[in-house]
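Below you'll find the structure, written out as structure tokens, and then a few comments.
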2 protein chains.
Amino acid sequence: MVKRVRGSTTGRPIMRLLDLLGRRWTLRIVWELREEPRRFRELQDAIGASPTIVNSRLAELREAKLVELDADAGYRLTALGRELLRLFLPLHLWSEKWAKAI
Amino acid sequence: MVKRVRGSTTGRPIMRLLDLLGRRWTLRIVWELREEPRRFRELQDAIGASPTIVNSRLAELREAKLVELDADAGYRLTALGRELLRLFLPLHLWSEKWAKAI
DNA sequence: CCGGTCGCTACAGAAATTGTAGTAACGGAG
DNA sequence: CTCCGTTACTACAATTTCTGTAGCGACCGG
């Protein structure tokens with residue numbers, strides 16, 4: 001009994017990734033961690049979600065090795081997480097163009 | 001009374017975009033449309049979601065001018081949607097690397 | 001011992017999603 | 001004309017997810 005990835009029957013990496021990132025607040029959390037580590041409550045206040053779900057998403061992101069908790073600094077992106085973020089950075093610029101178009 | 005974007009108080013483009021893309025199935029739908037237009041049912045079967053939610057997401061994506069419905073061909077990405085997709089394409093390759101790491 | 005912060009959890013109510021069924025419009029075959 | 005298949009899409013109850021609030025246990029400085 002293989003642990004099925006939500007919404008995907010194949011388990012292909014891209015599907016697993018899209019599934020992970022396509023959950024409420026996940027992209028937003030990665031985005032909030034783009035510059036510096038954040039504390040749990042700090043992160044929660046920044047995005048305005050319930051602690052329950054912030055904790056769930058952080059657990060998922062930690063399991064995916066994209067985020068880690070440093071006792072001194074707080075939550076931060078791992079090396080893998082920073083790689084992912086780098087792929088997403090162009091979105092920032094593009095979103096400005098998109099906003100003008102709609 | 002400004003129409004508030006879910007989870008965002010600022011309405012900044014990047015937040016609106018992250019909010020839109022951070023909804024269940026949205027990223028997946030864009031991904032499924034990467035190569036060729038798809039019919040409603042075809043899309044629904046491919047991703048395995050309920051018609052209700054497929055229709056909601058398509059409506060949001062159409063409002064965001066990322067997807068359009070061509071009566072002959074089916075649903076397809078707009079020029080804007082293809083631009084966004086292009087930003088996401090590197091994810092495919094990266095996801096393979098990520099899958100090995102976790 | 002007290003008061004603050006830390007990550008995190010419990011839980012009831014609200015909202016989103018699912019799964020199934022079905023609608024209305026169109027087109028082609030008989 | 002009727003029948004059949006296809007199209008996009010909707011209705012609705014059951015289920016799952018998320019929210020909002022409160023609070024726990026551990027730690028630390030005064």
Side-chain angles (χ1 to χ4, degrees), chain A residues 3-10 15-16 18-33 36-78 81, chain B residues 3-10 15-16 18-33 36-78 81:
Chain A
K3 192 173 162 198
R4 277 266 306 268
V5 177
R6 189 189 68 185
S8 173
T9 49
T10 63
M15 292 306 168
R16 296 190 58 184
L18 289 177
D19 178 59
L20 178 67
L21 300 179
R23 293 178 187 175
R24 210 167 186 173
W25 302 123
T26 306
L27 277 173
R28 179 67 190 274
I29 287 175
V30 172
W31 187 255
E32 289 296 335
L33 294 177
E36 52 191 5
R38 300 281 205 130
R39 292 286 170 194
F40 186 93
R41 280 190 168 75
E42 201 181 351
L43 205 45
Q44 192 202 321
D45 290 347
I47 70 181
S50 67
T52 316
I53 207 63
V54 171
N55 190 42
S56 299
R57 292 300 175 261
L58 284 171
E60 290 162 5
L61 285 167
R62 290 165 82 178
E63 198 186 353
K65 296 196 173 149
L66 298 175
V67 165
E68 64 191 358
L69 173 56
D70 178 277
D72 293 331
Y75 284 98
R76 66 182 174 199
L77 296 178
T78 62
Chain B
K3 190 173 162 197
R4 276 268 304 269
V5 176
R6 189 191 68 183
S8 173
T9 49
T10 63
M15 292 305 170
R16 297 190 58 184
L18 289 178
D19 178 59
L20 177 67
L21 300 180
R23 293 178 187 176
R24 211 166 185 175
W25 303 122
T26 306
L27 278 174
R28 179 69 189 273
I29 287 175
V30 172
W31 187 255
E32 290 296 335
L33 295 177
E36 52 192 5
R38 300 282 203 129
R39 292 286 171 192
F40 186 93
R41 282 189 168 75
E42 201 180 354
L43 206 45
Q44 193 202 321
D45 290 347
I47 71 180
S50 68
T52 317
I53 206 64
V54 172
N55 190 43
S56 298
R57 292 299 175 263
L58 283 172
E60 291 163 6
L61 285 168
R62 289 164 84 178
E63 198 187 353
K65 296 197 173 149
L66 298 176
V67 165
E68 65 192 354
L69 173 58
D70 178 276
D72 293 331
Y75 286 98
R76 66 182 175 201
L77 297 177
T78 62

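Per chain, numbering begins at 1; letters A, B, ... match sequence-line order.
Using a distance-only test at 3.5 Å, with no hydrogens or angles considered, a donor-acceptor pair links the side chain of B:Ser56 to the main chain of B:Thr52.
Using a 4.0 Å cut-off, some side-chain N or O of A:Trp25 falls inside it from OP1 or OP2 of D:dT19. Between B:Arg57 and C:dT17 there is a side-chain N or O to OP1 or OP2 distance below 4.0 Å.
Here A:Met15 contributes atom CE and B:Arg28 contributes atom CZ; the two are 4.0 Å apart, rounded to the nearest 0.5 Å. Between A:Leu27 atom CG and B:Leu20 atom CG the span is 10.5 Å, to the nearest 0.5 Å. From B:Leu21, atom CG reaches atom CG of B:Leu61 across 8.0 Å, with rounding to the nearest 0.5 Å. Put simply, CD1 on A:Ile53 and CG on A:Leu58 are 10.5 Å apart, with the number rounded to the nearest 0.5 Å. For the atom pair CZ of A:Phe40 and CG of A:Leu69, the computed distance is 10.5 Å after rounding to the nearest 0.5 Å.
Residues A:Arg24 and A:Arg57 share a closest heavy-atom pair of O-NE, 2.9 Å. In terms of heavy atoms, B:Arg38 sits closest to B:Ala46 at NH1-CB, 4.1 Å.
Nucleic acid contact for A:Ser56: none, since no nucleic acid atom lies under 4.0 Å from a heavy atom of the residue.
Closest to the side chain of A:Thr52, from the set C:dT18, D:dT10, D:dT21, is D:dT21. Among C:dT18, D:dC18, D:dT10, the nucleotide with an atom closest to any side-chain atom of B:Ala49 is C:dT18.
One atom, CD of A:Gln44, and another, P of D:dA22, lie 13 Å apart when rounded to the nearest Å. Counting to the nearest Å, the P atom of D:dA8 and the CG atom of B:Asp72 are 11 Å from each other.
Along DNA chain D, the nucleotide nearest B:Leu58 and the nucleotide nearest A:Ser50 are compared for position; the residue whose nucleotide lies closer to the 5' end is B:Leu58.
One finds a salt bridge joining A:Arg76 and A:Glu68 here, because a Lys/Arg side-chain nitrogen approaches an Asp/Glu carboxylate oxygen to under 4.0 Å.
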Any N/O pairs under 3.5 Å between the protein and nucleotides 4-7 of chain C? List them or say none.
from, atom 1, to, atom 2, distance (Å)
C:dG7, OP1, A:Phe40, N, 3.0
C:dG7, OP2, A:Phe40, N, 3.2
C:dG7, N7, A:Arg41, NH1, 2.8
C:dG7, O6, A:Arg41, NH2, 3.0

Between protein and nucleic acid, restricted to nucleotides 27-29 of chain D and to nitrogen or oxygen atoms under 3.5 Å apart, what atom pairs and distances do you find?
none

